[in-house]
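Data first, discussion second: the structure below is written as structure tokens.
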2 protein chains.
Amino acid sequence: MPHYLNVMATKATSAKGKRNSAQAAKTTAPAKAKVSPKPKRPLDSNTESIIKSAARTVFHQKGFAATRTRDIAAAANMNLALLNYYFKSKENLFQIIMVETLSGFFGTMLVVFNDTSTTLEKKITLAVEGYIDLIITEPEVPLFMMSEIRTSAKNLLTRLKGPESILQTVFVSQYQEAVKQGKITEPNPLHFLLNLLGMIMFPFIASPMVKTIAKLSDKQFEKLMLERKQRIPVWVKAMLKAK
Amino acid sequence: MPHYLNVMATKATSAKGKRNSAQAAKTTAPAKAKVSPKPKRPLDSNTESIIKSAARTVFHQKGFAATRTRDIAAAANMNLALLNYYFKSKENLFQIIMVETLSGFFGTMLVVFNDTSTTLEKKITLAVEGYIDLIITEPEVPLFMMSEIRTSAKNLLTRLKGPESILQTVFVSQYQEAVKQGKITEPNPLHFLLNLLGMIMFPFIASPMVKTIAKLSDKQFEKLMLERKQRIPVWVKAMLKAK
DNA sequence: AAATATTTTAATCAGATGATTAAATTATTT
DNA sequence: AAATAATTTAATCATCTGATTAAAATATTT
């Protein structure tokens with residue numbers, strides 16, 4: 001096992017510890033002694049980061065259930081056993097990817113939505129541009145998040161605490177203030193967020209369908225998404241004053 | 001095997017035919033003689049429809065890769081072997097569910113969008129109402145379709161011919177006419193459809209996330225969706241005249 | 001009711017899959 | 001450089017999983 005994972009209390013099913021030097025010998029802790037590892041984790045061995053990167057790609061594309069550890073090993077061009085050596089299990093590796101992916105996603109949102117120096121309208125523009133640019137780099141992420149969260153849901157999301165805070169952002173305060181001032185018709189900011197995120201993310205989520213139906217190449221699809229980057233703010237702002 | 005599936009040319013791997021009566025004996029056709037069955041298929045044996053119904057539920061909830069044939073058998077309260085007896089294979093059963101699901105989805109859309117007697121605005125209202133009501137009965141369907149289509153995509157969608165025709169509907173003609181008359185700003189109907197469908201479907205696709213973040217019960221979530229049934233048409237119509 | 005066909009069941013198979021192991025290789029420490 | 005630790009490899013394991021089979025049970029035909 002990687003040296004930085006050996007903080008006694010190894011997983012009971014693993015017999016590796018035995019070959020380590022003496023101080024590991026006191027490992028009498030049984031089964032599921034889940035100890036948070038990484039005492040002084042070295043800035044990711046190359047092997048480890050290559051595997052993680054491959055895992056990210058494969059998981060994003062196929063989802064947890066359809067992914068084979070052998071797929072990841074092949075994508076990383078690594079021996080299968082190295083996945084378990086560095087990441088214990090498929091589940092654990094997936095968890096890591098999932099948390100990183102969700103963090104990136106909610107992080108981007110919260111940075112924009114909690115900026116006290118920008119107006120509501122500016123935030124809309126920045127969120128749309130930031131998100132579309134972000135998603136274009138990894139277009140499978142929205143669908144990945146939505147489908148994989150079915151299994152995790154509560155567990156994962158509440159433990160991440162980024163998500164929880166979305167409805168207590170500066171953005172929401174500004175939204176409610178604008179409602180009070182009669183500048184916005186729809187009083188519930190959740191509806192607005194669903195509309196905004198739907199317009200941003202749905203086309204990516206539906207992209208296999210969209211590409212087939214509209215007969216678009218990847219290039220053409222991306223162009224369409226870049227058009228949306230300009231137009232969604234306009235559409236959304238029109239919605240705010242609807243009826 | 002079910003009697004209506006025995007149109008000679010059985011799957012080579014199946015030895016069942018041997019116990020059938022004489023006329024089946026000429027089955028010399030080898031391996032993958034994929035013959036379209038159902039000569040006079042009896043209106044679905046009870047067992048068969050129970051299995052299909054269970055399969056629909058389980059596939060919709062977990063997706064193809066995460067579904068175990070044993071899950072379906074258990075949900076249907078049937079012996080595992082009956083799945084293969086009636087449906088040959090997991091893949092085949094899935095295919096059937098997928099086609100039926102997609103047909104229902106696109107069918108609903110095309111009925112509304114090809115009605116020559118309704119205006120563009122009326123179509124928007126009808127589409128929103130029809131879809132939200134439909135989806136509420138099976139809220140997992142949008143996410144199911146989007147995630148499962150990744151694997152099938154081309155294959156399935158082109159062979160279904162509902163999807164292809166969406167961009168040649170009466171609705172699109174009416175849209176283009178309205179653009180010509182300056183009543184609509186955005187010239188590309190695809191953008192409009194993405195916005196409309198995104199606003200309708202995205203909340204369901206993101207529902208595990210939405211429920212967790214906004215702390216909504218299933219009941220509260222459904223109420224929110226029914227609100228949207230009223231408001232999406234308003235929002236969307238405002239968008240049409242944006243800028 | 002006997003004969004035949006269909007449906008259902010329990011047991012089993014073969015291949016896939018996540019994980020582990022012991023040995024080989026490489027790197028680090030002494 | 002010898003000793004020790006960490007990494008990598010090939011082989012193997014145990015379980016899961018989709019599918020099949022032969023026999024039993026039930027229904028249909030003659």
Side-chain angles (χ1 to χ4, degrees), chain A residues 1-7 10-25 31 37 39-42 44-51 55 58-59 62 64-74 76-95, chain B residues 1-6 10-25 40-42 44-51 55 58-59 62 64-74 76-95:
Chain A
M1 72 189 355
H3 62 287
Y4 57 87
L5 277 186
N6 180 29
V7 205
T10 61
K11 227 177 129 215
T13 46
S14 172
K16 279 269 181 41
K18 280 185 281 184
R19 256 186 303 92
N20 288 341
S21 58
Q23 82 275 9
K40 42 169 186 179
R41 179 174 179 169
D44 290 333
S45 88
N46 199 29
T47 304
E48 182 176 354
S49 62
I50 289 172
I51 291 174
V58 179
F59 278 139
K62 320 219 289 179
F64 178 80
T67 293
R68 307 290 157 241
T69 52
R70 284 163 175 80
D71 297 341
I72 297 173
N77 205 22
M78 295 283 173
N79 186 292
L80 173 63
L82 292 174
L83 299 218
N84 299 287
Y85 181 75
Y86 283 103
F87 296 98
K88 288 282 177 206
S89 69
K90 181 192 175 189
E91 272 79 7
N92 187 53
L93 178 51
F94 177 77
Q95 185 103 316
Chain B
M1 71 189 356
H3 63 287
Y4 57 88
L5 277 187
N6 180 30
T10 61
K11 226 177 130 216
T13 44
S14 172
K16 278 267 182 43
K18 278 185 281 185
R19 258 186 302 93
N20 289 340
S21 59
Q23 82 275 9
K40 44 171 181 177
R41 178 174 180 169
D44 289 332
S45 88
N46 199 29
T47 304
E48 181 175 355
S49 62
I50 289 172
I51 291 174
V58 179
F59 279 139
K62 320 219 289 180
F64 178 81
T67 292
R68 306 291 158 240
T69 52
R70 284 162 175 83
D71 297 341
I72 297 173
N77 205 22
M78 295 283 173
N79 186 292
L80 173 64
L82 292 174
L83 298 218
N84 299 285
Y85 182 75
Y86 284 103
F87 296 99
K88 288 285 177 202
S89 68
K90 180 192 176 189
E91 272 80 7
N92 187 51
L93 178 51
F94 177 78
Q95 185 102 316

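Chain letters run A, B, ... following the sequence lines, proteins first and then strands; every chain starts at 1.
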Output the rounded distance in Å from [atom1] ([X]) to [atom2] ([N]).
X	N	atom1	atom2	answer
F87(A)	dT7(D)	CZ	P	12 Å
L82(A)	dA22(C)	CG	P	18 Å
N77(B)	dT8(C)	CG	P	13 Å
N84(A)	dC13(D)	CG	C1'	13 Å
I72(A)	dA19(C)	CD1	P	10 Å
K90(A)	dA19(C)	NZ	C1'	12 Å
Y85(A)	dA27(C)	OH	P	13 Å
I51(A)	dT9(D)	CD1	P	10 Å

**Request:** Please figure out whether R70(A) or M78(A) has its closest DNA chain D nucleotide nearer the 5' end.
**Result:**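 Residue closer to the 5' terminus by nearest nucleotide: M78(A).
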
Do the side-chain N or O atoms of [X] get closer than 4.0 angstrom to the phosphate oxygens (OP1, OP2) of [N]?
X	N	value
R68(A)	dT17(C)	yes
N79(B)	dT8(C)	no
T47(A)	dT8(D)	yes
Y86(A)	dT8(D)	yes
T69(A)	dG18(C)	yes

**Point-to-point distance, once rounded to the nearest 0.5 Å, from NZ of K62(A) to CD1 of I72(A)** = 9.5 Å

**Request:** Enter the distance from F87(A):CZ to T69(A):OG1 here, rounded to the nearest 0.5 Å.
**Result:** 13.5 Å

**Request:** Ignoring hydrogens and angles, tell me if any N or O in the side chain of K90(B) forms a donor-acceptor pair with the backbone of F64(B) under 3.5 Å.
**Result:**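 At least one qualifying donor-acceptor pair exists.
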
**Request:** Kindly say whether T67(A) contributes a backbone atom to a donor-acceptor pair with the side chain of R70(A) at under 3.5 angstrom?
**Result:**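 No, the answer is negative, given that no donor and acceptor are paired below the 3.5 Å cut-off.
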
**Request:** Return the minimal non-hydrogen interatomic distance between S89(B) and N84(B), and the atom names on each side.
**Result:**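 Result for this residue pair: CA-OD1, 4.0 Å.
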
**Request:** Classify the nucleic acid contact of L83(A) as base, sugar-phosphate or nothing, counting any heavy atom under 4.0 Å across all strands shown.
**Result:**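 The answer is nothing, as L83(A) stays clear of every strand by at least 4.0 Å.
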
